[in-house]
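Reviewing the structure listed below.
In this text the structure is predicted, and so the values were computed from the model without any measurement.
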Amino acid sequence: MDMDCMTSEAGVRFQKIALMDAPPPPPETVFQELREKVLEKRPVLRQILYKRGGKNLYEYAKEYISVNSNPPIQKRQTELIGTLKKQVAGLLGDEVAASVADQMAKYYYVSTADHHGPICSPFFLSSNLIASAPYTEYPDPLLKYLIVVGCSNISFDNSSFPRGLLFNSFVKGHIEMNQLAFFSRDARPCPVFNYRGYSAEDIAR
């Protein structure tokens, strides 16, 4: 083996030893590197952070209430409110449906943060609590509801567990996650939008 090759190998070993002995980078540096890698793949999230990243979640949620609709959305506003009113009436009755329609006419926004399933996952609860928190500052009697249009383009094996209820229990000093399924494991690969709804029999079982 010639001297140049031996010198090169020794240099590589020295670099490895130096890296092993070097102190780890500070957490702030690691966070910034990870943040940049995420934002490289999520350009829309980068834009949101650029425009509103200086606000806390409470201040950001206030913007939902004071949203300004653009003209193309307003052209379809009557159609959407009418459709929503009809769906709510079938679920919660005419009185609630009329109240929802009145609210939408003035505060034209809905939340689509939820997946389609029982509102028991922390994913759902957190986003709904944040979005509804500013309601306490608005005394307008029209503003009663956080209207959620759940997204159903997920499968039943999603971690939010749309097959049933997801909840925690405290057992022998430890928190355990529990799954109470309404549908069998056979439903896991199926998309929610193409599957039948929960029935009284499913819940009773």
Side-chain angles (χ1 to χ4, degrees), residues 42 44-45 47-48 51-52 55-167 180-183 187 190-204:
R42 296 289 185 269
V44 175
L45 177 59
Q47 293 176 8
I48 293 174
K51 293 179 180 178
R52 301 182 174 88
K55 298 181 178 180
N56 59 39
L57 287 174
Y58 183 79
E59 293 296 324
Y60 179 67
K62 281 175 151 183
E63 296 182 3
Y64 297 165
I65 299 174
S66 59
V67 65
N68 293 317
S69 302
N70 58 47
I73 291 179
Q74 290 177 345
K75 292 178 181 178
R76 304 295 296 273
Q77 181 170 331
T78 301
E79 180 182 354
L80 177 60
I81 293 176
T83 302
L84 187 62
K85 181 178 180 179
K86 182 178 179 181
Q87 294 297 319
V88 173
L91 293 170
L92 304 173
D94 293 336
E95 183 177 348
V96 174
S99 183
V100 166
D102 290 341
Q103 175 177 320
M104 283 287 290
K106 184 173 181 179
Y107 302 101
Y108 188 62
Y109 79 96
V110 299
S111 170
T112 58
D114 288 4
H115 291 324
H116 191 82
I119 301 183
C120 57
S121 167
F123 304 164
F124 308 157
L125 184 61
S126 298
S127 60
N128 290 331
L129 285 174
I130 292 168
S132 61
Y135 281 30
T136 57
E137 293 188 0
Y138 285 78
D140 189 342
L142 283 178
L143 191 62
K144 298 179 180 179
Y145 310 103
L146 179 65
I147 303 169
V148 178
V149 180
C151 303
S152 59
N153 58 338
I154 59 168
S155 59
F156 275 99
D157 62 358
N158 186 273
S159 60
S160 62
F161 198 65
R163 286 199 301 124
L165 295 175
L166 187 70
F167 61 96
L180 182 62
F182 295 158
F183 295 134
C190 300
V192 174
F193 71 82
N194 200 32
Y195 207 78
R196 65 178 179 84
Y198 305 117
S199 68
E201 290 77 13
D202 293 321
I203 298 172

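Between the CD atom in Gln103 and the CD1 atom in Ile147 there is a gap of 4.5 Å [rounded to 0.5 Å]. In this structure, CD in Glu59 is found 13.0 Å from CZ in Arg52, a value given to the nearest 0.5 Å. Distance check, rounded to the nearest 0.5 Å: CD1 of Ile65 to CD of Glu63 gives 11.0 Å. Note that the CG atom of Asn153 and the CG atom of Asn158 stand 10.0 Å from one another [nearest 0.5 Å].
Shown here for Tyr108 and Ile81, the closest heavy-atom pair between the two residues is CE1-CG1, 4.1 Å. Between Leu166 and Ser159, the shortest heavy-atom distance links the atoms CD2-O, 4.1 Å. Scanning both residues, Gly197 and Asp202, for their nearest heavy atoms gives O-OD2, 4.1 Å. The two residues Pro162 and Ile154 have their closest heavy-atom pair at CG-CD1, 4.1 Å.
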Run the numbers on Asp102 and Ser99 for side chain to side chain donor-acceptor pair (under 3.5 Å), then give the verdict. CA-CA 5 Å; Asp102 290 341; Ser99 183; 5.8 Å; no
Enumerate donor-acceptor pairs with a distance under 3.5 Å from any side-chain N or O in residues 134-143 to protein atoms, sequence neighbours excluded.
| from | atom 1 | to | atom 2 | distance (Å) |
| --- | --- | --- | --- | --- |
| Tyr135 | OH | Tyr109 | OH | 2.7 |
| Tyr135 | OH | Tyr145 | O | 2.8 |
| Thr136 | OG1 | Ala133 | O | 3.2 |
| Glu137 | OE1 | Lys62 | NZ | 3.3 |
| Glu137 | OE2 | Tyr58 | OH | 2.7 |
| Asp140 | OD1 | Leu142 | N | 2.9 |
| Asp140 | OD2 | Lys106 | NZ | 2.6 |
| Asp140 | OD2 | Tyr107 | OH | 2.7 |

Could you list the donor-acceptor pairs under 3.5 angstrom formed between side-chain atoms of residues 85-97 and any protein atom two or more places apart in sequence or on another chain?
none

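With sequence neighbours left out, the ring-ring contact (aromatic ring centres under 6.0 Å, His included) criterion links Tyr60 to Tyr64. Scored by the salt bridge (charged side-chain N to carboxylate O under 4.0 Å, His left out) test, Arg42 finds no partners at all (sequence neighbours excluded). Applying the side-chain hydrogen bond (donor to acceptor under 3.5 Å, both in side chains) rule to Ser111 yields no partners; only residues at least two apart in sequence or on another chain are considered.
Note on residues 155-167: no pairs pass salt bridge (Lys or Arg N to Asp or Glu O under 4.0 Å), not counting sequence neighbours.
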